[in-house]
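Taking it in order: structure first as structure tokens, then the write-up.
All of these numbers come straight from a predicted model, not from anything done at the bench.
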Amino acid sequence: LITLEFDNFYFITCYTPNAQDGLKRIDYRMEWEDAFREHLKKLDETKPVIFCGDLNVAHKEIDLKNPKTNRKNAGFTDEERRGAKNIIQSGLIDTFRILHPDEIRYTWWSHWGNARANNVGWRIDYFFISDSLKPNLKSAEIHSPRKIIIPCRFPKISFSSSHIIP
């Protein structure tokens, strides 16, 4: 977790702990998630928040190729999905989903079974912003580099002016 403070906003990047096979670390992950959400809420009380990172969860069924067969797997348990929902309910916006409610885009694919070539993926990388920044949100995209070795795409957001806060 890295938190940077700027004059008009906080920028946070994080890697959320994975619950692991067999959900061995689900309790730890959920404790981390509660603490992280409280950190975000506390920061948002003083100035807006922009945060991005690997949340290791596909929040909605649209965010992974095979939701039914992954229902109780790490990254798609009810607990983990509820954690993402709680972040949204605390006043932050999933920038990609708010602008592209029905678009299927993934940011991660397994190394197995030719998953990338078959587009059997998950959207686990996000940009969230404080609700107060929503009027200035111009775009939220998931870009796919042409040649890349690691199996991921990169989320990107942009605002309507160089000044995030009027």
In Å and rounded to the nearest 0.5 Å, what is the [atom1] to [atom2] distance from [X] to [Y]?
| X | Y | atom1 | atom2 | result |
| --- | --- | --- | --- | --- |
| I129 | N136 | CD1 | CG | 8.5 Å |
| D27 | M30 | CG | CE | 9.5 Å |
| L137 | I93 | CG | CD1 | 7.5 Å |
| E141 | T95 | CD | OG1 | 9.5 Å |
| D78 | K85 | CG | NZ | 10.5 Å |
| F9 | L43 | CZ | CG | 12.5 Å |

### Query
Are F127 and I98 connected, step by step, through hydrophobic side chains (Ile, Leu, Val, Met, Phe, Trp, Tyr) whose heavy atoms are closer than 4.5 Å?
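Per the 4.5 Å side-chain linkage, F127 and I98 are co-clustered.
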
### Task
Flag yes if L133 and F6 sit in one hydrophobic cluster, no otherwise; membership is Ile, Leu, Val, Met, Phe, Trp, Tyr, and two members link when side-chain heavy atoms are under 4.5 Å apart.
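L133 and F6: one cluster.
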
### Query
After noting the C-alpha distance and the side-chain angles of T3 and H39, does the key distance pass the side chain to side chain contact (heavy atoms under 4.5 Å, CB included) rule?
CA-CA 10 Å; T3 301; H39 176 66; 3.0 Å; yes

Counting distance only, does the side-chain N/O of [X] pair as donor-acceptor with the main-chain N or O of [Y] below 3.5 Å?
| X | Y | result |
| --- | --- | --- |
| N118 | N114 | yes |
| E80 | G75 | yes |
| N70 | P67 | no |
| R97 | E103 | yes |

Check whether any side-chain heavy atom of [X] lies under 4.5 Å from a side-chain heavy atom of [Y], and answer yes or no.
| X | Y | answer |
| --- | --- | --- |
| K65 | W122 | no |
| V57 | F76 | no |
| I12 | I50 | no |
| Y10 | P48 | no |

What closest approach, in Å, do [X] and [Y] show between heavy atoms, and which atom pair accounts for it?
| X | Y | result |
| --- | --- | --- |
| I124 | A58 | CG2-N, 4.1 Å |
| N18 | A74 | OD1-CB, 3.8 Å |
| R29 | L55 | NH2-O, 2.8 Å |
| F11 | C52 | CZ-SG, 3.6 Å |
| V49 | S130 | N-OG, 2.6 Å |
| I104 | I62 | CG1-CG1, 3.7 Å |

### Message
Quick check on the 6.0 Å ring-centre criterion: do F36 and W32 meet it?
### Response
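Yes: the rings meet the under 6.0 Å criterion.
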
### Atom NZ of K47: over 12 foreign heavy atoms under 6.0 Å
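Yes, the 6.0 Å shell around NZ holds more than 12 heavy atoms from other groups.
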
### Task
Tell me, yes or no, whether the heavy-atom count around L4 atom CG, taken from other residues, nucleotides or ligands under 6.0 Å, exceeds 12.
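Counting neighbours around CG of L4, more than 12 heavy atoms of other residues, nucleotides or ligands fall under 6.0 Å, so yes.
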
### Query
What orientation do W109 and Y106 show, parallel under 30°, tilted 30 to 60°, or perpendicular over 60°?
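W109 and Y106: perpendicular rings.
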
### Query
According to the interplanar angle, ranging from 0 to 90°, do the rings of F51 and F128 count as parallel (below 30°), tilted (30 to 60°) or perpendicular (above 60°)?
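Taking F128 first and then F51, their aromatic rings lie parallel (interplane angle under 30°).
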
### Message
Does N56 form a side-chain hydrogen bond (donor to acceptor under 3.5 Å, both in side chains) with T16? I'd like the steps, not just the answer.
### Response
CA-CA 6 Å; N56 268 317; T16 301; over 6 Å; no

### Query
Could you go step by step and tell me if T77 and R82 meet the side chain to side chain contact (heavy atoms under 4.5 Å, CB included) rule?
CA-CA 8 Å; T77 63; R82 194 169 24 256; over 6 Å; no

### Query
E61 and R81: side chain to side chain contact (heavy atoms under 4.5 Å, CB included), yes or no, with the steps?
CA-CA 10 Å; E61 288 192 356; R81 295 173 67 205; 4.2 Å; yes

#### Entry: R37/D34 under salt bridge (Lys or Arg N to Asp or Glu O under 4.0 Å): CA gap, chis, key distance, verdict
CA-CA 5 Å; R37 187 180 62 258; D34 290 343; 3.4 Å; yes

### Query
When you check the gap from the basic side-chain N to the acidic O, do E45 and K41 get nearer than 4.0 Å?
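No salt bridge links E45 with K41.
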
### Query
Passes side chain to side chain contact (heavy atoms under 4.5 Å, CB included), L92 versus D131? Steps please.
CA-CA 5 Å; L92 295 167; D131 188 60; over 6 Å; no

